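Notes follow the structure.
In this text, all values refer to a predicted model and were calculated from it rather than measured experimentally. Below, each value reflects all heavy atoms present in this structure, side chains not excepted, and no hydrogens, waters or symmetry copies.
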Amino acid sequence: MLTVIFVLLADVLIFVPSLARYRADFLLERLRQAQIAALTQLASDSGVSPELEAELLANAGVYNVVLRRDDIRELVLSSPVPEPVHADYDLRLSGPWELIRDALSTLFDGDSRVVRVIGSPVQEGGQLIEITMPQEPLRKAMLLYAWRLLLFSALISAVMAVLLFLAAQRLIVHPIRRVVLHMKAYSEAPEDARTVIEPSARVEELREAEEMLATMQRQLTGALKQRERLAQLGGAVAKISHDLRNILTTAQLFADRIEGSADPVVARSAPKLVGSISRAVSLCEATLTFGKAEEAPPQLTRFPLAGLVHEVTEGEGLTRSETASPEAPPDALVAALTDIAPNLTLRADREQLYRVISNLIRNARQAIEATGQAGTIEISAGESDSEWWIRVGDTGPGLPAKAREHLFAAFQGGVRKGGTGLGLAISSELVRGHGGRIELLHSDSEGTEFMIHLPKVPVIADPQQIE
């Protein structure tokens, strides 16, 4: 339908000039016929009879004929004119726009008019020829010509529409339908490599789309297979971590008994053994928690942040001074500096926030210890009208570029040898559960700094929970 409409619109641009040319040719033909009739009259010495004159005018389709020859204007043939002349048309002076204007005027003028037409005689038969004729035969001929032209244009439009429709079906619709069928088959079995489309379209744009679709399907199939393997691996790790946690719990009980030994060497080694076993138990518990795919929703309560941070630093064995003696144990090489107002109270899940801050501080402590140099961990906090913020920074060596790319991704953001990268992934999930976010402010040779943002009002607030 669109093709038919467009072709007809194009025909309109051809129709009007063609109709104007047809009218001009019709009038020129009348002038030639009138000139022949006039020459018949002039060829006779005594003139023609009134009956023959009427027959000549009828055959030419005019009322009278005037010839100008040798600067003499002569009425050669004449008959009664039924009404006054309505319009004069001089074909010698008419350009394209005048012809189009006169053609439209003739076509839409429904009354029977008498018009005068002036032109140049053929074969140099005089200076000009002038005829008076009825307009109705001209109008009927123009209407018949216009009707035939419209029918011919409609036929051409229909043929072109069918051809273009078949071409579009062959070159566009069928390839697109093939793409849709492949997408449907792929969605039903994305792991089946046979459902990946093989580009075969002839149209360049469609072939490029098929190639991009094939690339995307292969990537998605690979990602799904990798996810399936990771899911299986995660299930196996969760089972191993569960059994290992039970074994380490038993070992922790025996380590607690060893800690009370009277042997000084055993007494000094026992705390380190207990700490190592505790960290292993914590890692197993973190792995099991992460394997559940989701954390329990936070239980929001109000509590002072300074007390929570103090518990974390004590649990990590950090000193409270800015410097530490080189002869001190390795743990004493790391000092904790806190800048938290005692009256700063925030609203969060205390246990989950403990885990978040503990993960950040533990990572910072391990990074500083790996350098063998003394360092500090700075913890500060504050609030604004819309949120609470907690900053944890250290003077460690900074994170490598690869770790920064996958910082909060499980099993990919680990830095130290043997690390799993679960700590930051779990911390990020816990903070998101509060409606907040955790971000890396900077990490370079001068140290690393994280910022925790906790909103004061949840996105969908419960009026009973807002105090």
Please step through side chain to side chain contact (heavy atoms under 4.5 Å, CB included) for the pair Ser427 and Phe450, ending with a clear verdict.
CA-CA 12 Å; Ser427 299; Phe450 287 91; over 6 Å; no

Does the pair Arg302 and Leu346 meet the rule for a side chain to side chain contact (heavy atoms under 4.5 Å, CB included), with working shown?
CA-CA 6 Å; Arg302 288 195 174 274; Leu346 50 76; over 6 Å; no

Quick one: do Lys456 and Glu383 satisfy salt bridge (charged side-chain N to carboxylate O under 4.0 Å, His left out)? Show the steps, please.
CA-CA 9 Å; Lys456 289 188 174 181; Glu383 62 179 327; 2.9 Å; yes

For Val66 and Ile129, run side chain to side chain contact (heavy atoms under 4.5 Å, CB included): C-alpha distance rounded to whole Å, both residues' side-chain angles, the deciding distance at 0.1 Å, then the answer.
CA-CA 6 Å; Val66 175; Ile129 182 172; over 6 Å; no

Glu211/Arg207 under salt bridge (charged side-chain N to carboxylate O under 4.0 Å, His left out): CA gap, chis, key distance, verdict
CA-CA 6 Å; Glu211 292 174 352; Arg207 184 175 182 84; 3.6 Å; yes

Show your working on side chain to side chain contact (heavy atoms under 4.5 Å, CB included) between Ile340 and Ile379 and close with a plain yes or no.
CA-CA 8 Å; Ile340 302 175; Ile379 308 102; 4.1 Å; yes

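Taking the side chain as every heavy atom from C-beta outward, Leu399 and Leu440 approach each other to under 4.5 Å. Between Ile357 and Leu305 the shortest side-chain heavy-atom distance falls below 4.5 Å. Using a 4.5 Å cut-off on side-chain heavy atoms (C-beta onward), Leu149 and Phe15 make contact. Between His453 and Glu439 there is a side-chain heavy-atom pair separated by less than 4.5 Å. Looking only at side-chain heavy atoms (C-beta outward), Glu130 and Arg73 come within less than 4.5 Å of each other. A 4.5 Å side-chain heavy-atom check between His434 and Gln352 finds at least one atom pair inside the cut-off. For the pair Leu213/Val179, a side-chain contact is recorded, criterion being any heavy-atom separation below 4.5 Å from C-beta on. Contact check for Phe303 versus Leu308: side-chain heavy atoms found under the 4.5 Å cut-off.
Annotation for Val65 and Ala34: closest pair CG2-CB, 3.7 Å, computed over non-hydrogen atoms. A pairwise comparison of heavy atoms in Ser79 and Asn64 identifies N-CB, 4.3 Å as the closest pair. Contact detail for Gln217 and Val196: the closest heavy-atom pair is OE1-CA, 3.3 Å. Here the closest heavy-atom approach between residue Ser443 and residue Thr448 is recorded as OG-OG1, 3.0 Å. Listed here is the closest heavy atom pair of Met133 and Leu27: SD-CD2, 3.8 Å. Between Gly435 and Pro455, the shortest heavy-atom distance links the atoms O-CG, 3.4 Å.
Once rounded to the nearest 0.5 Å, the distance linking CZ of Arg362 with CZ of Arg355 reads 10.5 Å. Note: His442 NE2 to Met451 CE = 9.5 Å, rounded to the nearest 0.5 Å. Between the NE2 atom in His86 and the CZ atom in Arg113 there is a gap of 4.0 Å [rounded to 0.5 Å]. Here the CG atom belonging to Leu31 is positioned 11.5 Å from the CD1 atom belonging to Ile36, to the nearest 0.5 angstrom. Between atom CD1 of residue Ile14 and atom CG of residue Leu19 there is a gap of 13.5 Å, rounded to the nearest 0.5 Å. Within the model, atoms CE of Met160 and CG of Leu155 stand 12.0 Å from one another, a figure rounded to the nearest 0.5 Å.
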Using atom types as modelled, flag every donor-acceptor pair under 3.5 Å from a side chain in residues 87-100 to any protein atom, sequence neighbours excluded.
{"from": "Asp88", "atom 1": "OD1", "to": "Arg116", "atom 2": "NH1", "distance (Å)": "2.7"}
{"from": "Asp88", "atom 1": "OD2", "to": "Arg116", "atom 2": "NH1", "distance (Å)": "3.3"}
{"from": "Asp90", "atom 1": "OD1", "to": "Arg92", "atom 2": "N", "distance (Å)": "3.1"}
{"from": "Asp90", "atom 1": "OD1", "to": "Arg92", "atom 2": "NE", "distance (Å)": "3.1"}
{"from": "Asp90", "atom 1": "OD2", "to": "Arg92", "atom 2": "NH2", "distance (Å)": "3.1"}
{"from": "Ser94", "atom 1": "OG", "to": "Asp90", "atom 2": "O", "distance (Å)": "2.8"}
{"from": "Glu98", "atom 1": "OE1", "to": "Gly95", "atom 2": "N", "distance (Å)": "3.1"}

I'd like a table of donor-acceptor pairs (distance under 3.5 Å, sequence neighbours excluded) in which one partner is a side-chain atom from residues 135-147, with atom names and distances.
{"from": "Arg139", "atom 1": "NE", "to": "Leu107", "atom 2": "O", "distance (Å)": "3.2"}
{"from": "Arg139", "atom 1": "NE", "to": "Asp109", "atom 2": "O", "distance (Å)": "2.9"}
{"from": "Tyr145", "atom 1": "OH", "to": "Ser18", "atom 2": "OG", "distance (Å)": "2.4"}

Contacts under 3.5 angstrom, residues 53-60 side chains, donor-acceptor by atom type, not counting sequence neighbours:
{"from": "Glu53", "atom 1": "OE2", "to": "Ser78", "atom 2": "N", "distance (Å)": "3.0"}
{"from": "Asn59", "atom 1": "ND2", "to": "Glu55", "atom 2": "O", "distance (Å)": "3.3"}

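Between the side chain of Gln35 and the backbone N or O of Val122, at least one donor-acceptor pair lies under 3.5 Å. At least one donor-acceptor pair under 3.5 Å links the side chain of Thr106 to the backbone N or O of Asp102.
Summarising the local packing, CD of Glu83 is surrounded by more than 12 heavy atoms from other residues, nucleotides or ligands at distances under 6.0 Å. In this structure, Arg170 places its CZ atom where only 12 or fewer heavy-atom neighbours from other residues, nucleotides or ligands lie under 6.0 Å away.
Applying the salt bridge (charged side-chain N to carboxylate O under 4.0 Å, His left out) criterion to Glu208, with sequence neighbours excluded, gives no partner residue. Shown here are the side-chain contact (heavy atoms from CB on, under 4.5 Å) partners of Ala341, two or more places apart in sequence or in another chain: Asn343, Leu344. With sequence neighbours excluded, no residue forms a salt bridge (charged side-chain N to carboxylate O under 4.0 Å, His left out) with Asp444. Legend: residues meeting side-chain contact (heavy atoms from CB on, under 4.5 Å) with Pro82, ordered by chain and number and at least two apart, are Tyr63, Val114. A search for salt bridge (charged side-chain N to carboxylate O under 4.0 Å, His left out) contacts involving Arg218 returns nothing, not counting sequence neighbours. By the side-chain contact (heavy atoms from CB on, under 4.5 Å) test, Phe165 is found to be paired with Gln169, residues two or more places apart in sequence or in another chain being considered. With sequence neighbours excluded, the residues satisfying side-chain contact (heavy atoms from CB on, under 4.5 Å) with Thr395 are Ile368, Thr376.
Judged by distance alone, the side chains of Arg432 and Ser428 do bring a donor and an acceptor atom under 3.5 Å apart.
Residues in residues 171-190 take part in these side chain to side chain donor-acceptor pair (under 3.5 Å) pairs, two or more places apart or across chains: Arg178-Ser200, Arg178-Glu210, Tyr186-Thr221. Listed by first and then second residue, the salt bridge (Lys or Arg N to Asp or Glu O under 4.0 Å) pairs that reach into residues 385-398 are Glu378-Arg391, Arg391-Glu449, sequence neighbours excluded.
Partner of Ile438 under the side-chain contact (heavy atoms from CB on, under 4.5 Å) criterion, chosen from Asn359, Leu454, Leu360, Ile390: Leu360.
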